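Here's a structure for you.
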Amino acid sequence: DAGVIQSPRHEVTEMGQEVTLRCKPISGHNSLFWYRQTMMRGLELLIYFNNNVPIDDSGMPEDRFSAKMPNASFSTLKIQPSEPRDSAVYFCASSYREKLFFGSGTQLSVL
Amino acid sequence: GESVGLHLPTLSVQEGDNSIINCAYSNSASDYFIWYKQESGKGPQFIIDIRSNMDKRQGQRVTVLLNKTVKHLSLQIAATQPGDSAVYFCAETYSGGGADGLTFGKGTHLIIQP
């Protein structure tokens with residue numbers, strides 16, 4: 001099993017640009033999560049899906065953030081327009097019961 | 001122990017020594033706990049878990065202890081190796097909460113000195 005796959009690993013962009021982060025969960029896992037990690041706030045849950053349906057997006061900071069899961073094997077997190085304060089590591093994770101399995105993350109830098 | 005501020009607590013131990021990382025959890029309803037290890041440039045990885053009907057669980061070189069009375073969790077790593085250097089997170093949730101109910105601590109940075 002390849003684990004949770006995220007792309008890109010690193011993204012550097014300018015303020016105002018659109019950013020799209022991608023995730024492929026582990027096959028057979030029916031829940032998918034997007035987290036953001038910063039030194040200031042640690043790991044924050046942004047949104048999670050169950051069976052491709054968004055269940056709780058209360059962690060999404062602003063309307064600039066949106067997430068989709070068109071099928072069981074793919075999800076995107078989009079930031080439009082991006083701002084410097086969005087700079088962080090974004091993790092996707094999928095779960096089997098209570099156990100979360102994380103991808104390697106996307107390091108986002110917004111200049 | 002867990003940080004409530006901006007700075008990640010750091011534990012420095014000599015290679016070969018045992019290390020103990022502590023975590024105070026907040027929700028008395030939590031009954032399932034997990035320790036994750038995050039190496040530099042990687043996502044958190046599952047190490048070991050424990051349910052509230054146990055007070056101790058052992059893995060390979062790791063032991064998790066749970067004290068429900070004082071809401072305290074600890075991770076013991078025996079005979080530490082350079083590869084143990086990482087940030088360790090505890091996470092808590094409750095039965096039926098699933099992974100979406102997981103709450104993560106801020107983490108402890110473990111440094112192994114040669």
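This one's a predicted model, so the numbers in the text were calculated from it and none came from an experiment. Quick note on labels: first sequence line is chain A, next is B, and so on, each numbered from 1.
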Do you know which of Q6(A), R41(A), E44(A) has the most heavy-atom pairs under 4.5 Å to chain B?
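Going by pairs under 4.5 Å, I would pick R41(A).
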Any idea which heavy atoms bring S82(A) and T13(A) closest together, and the distance?
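Shortest heavy-atom contact: OG-CG2, 3.8 Å.
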Check each atom of Q45(B) against the heavy atoms of chain A and say whether the ones under 4.5 Å are side chain, backbone, both or neither.
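Looking at Q45(B), nothing touches chain A.
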Please report the interatomic distance OG(S94(A)) to CD1(I26(A)), rounded to the nearest 0.5 Å.
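Rounded to the nearest 0.5 Å, the OG-CD1 separation comes to 4.0 Å.
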If you compare all heavy atoms of L11(B) against all heavy atoms of S19(B), which two are closest, and at what distance to 0.1 Å?
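Minimum heavy-atom separation between L11(B) and S19(B): CD2-CB, 4.1 Å.
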So which bits of residues 103-111 of chain A come within less than 4.5 Å of chain B, counting non-hydrogen atoms only?
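If one takes a 4.5 Å heavy-atom cut-off, the residues of residues 103-111 of chain A near chain B are G103(A), S104(A).
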Any sub-3.5 Å donor-acceptor pair from R61(B)'s side-chain atoms to A78(B)'s backbone N or O?
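Yes; at least one donor-acceptor contact below 3.5 Å.
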Heavy-atom cut-off 4.5 Å, strictly under: side chain, backbone, both or neither for L100(A) against chain B?
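Contact with chain B involves both backbone and side-chain atoms of L100(A).
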Taking every non-hydrogen atom, the tightest pair across A72(A) and P25(A):
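Reported closest heavy-atom pair: O-CG, 3.3 Å.
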Taking it one step at a time, do Y35(A) and F91(A) satisfy ring-ring contact (aromatic ring centres under 6.0 Å, His included)?
CA-CA 5 Å; Y35(A) 282 87; F91(A) 287 105; 8.2 Å; no
Linking I/L/V/M/F/W/Y whenever their side-chain heavy atoms sit closer than 4.5 Å, directly or via other members, would I47(B) and V13(B) fall into one cluster?
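As far as the 4.5 Å side-chain criterion goes, V13(B) and I47(B) are connected within one cluster.
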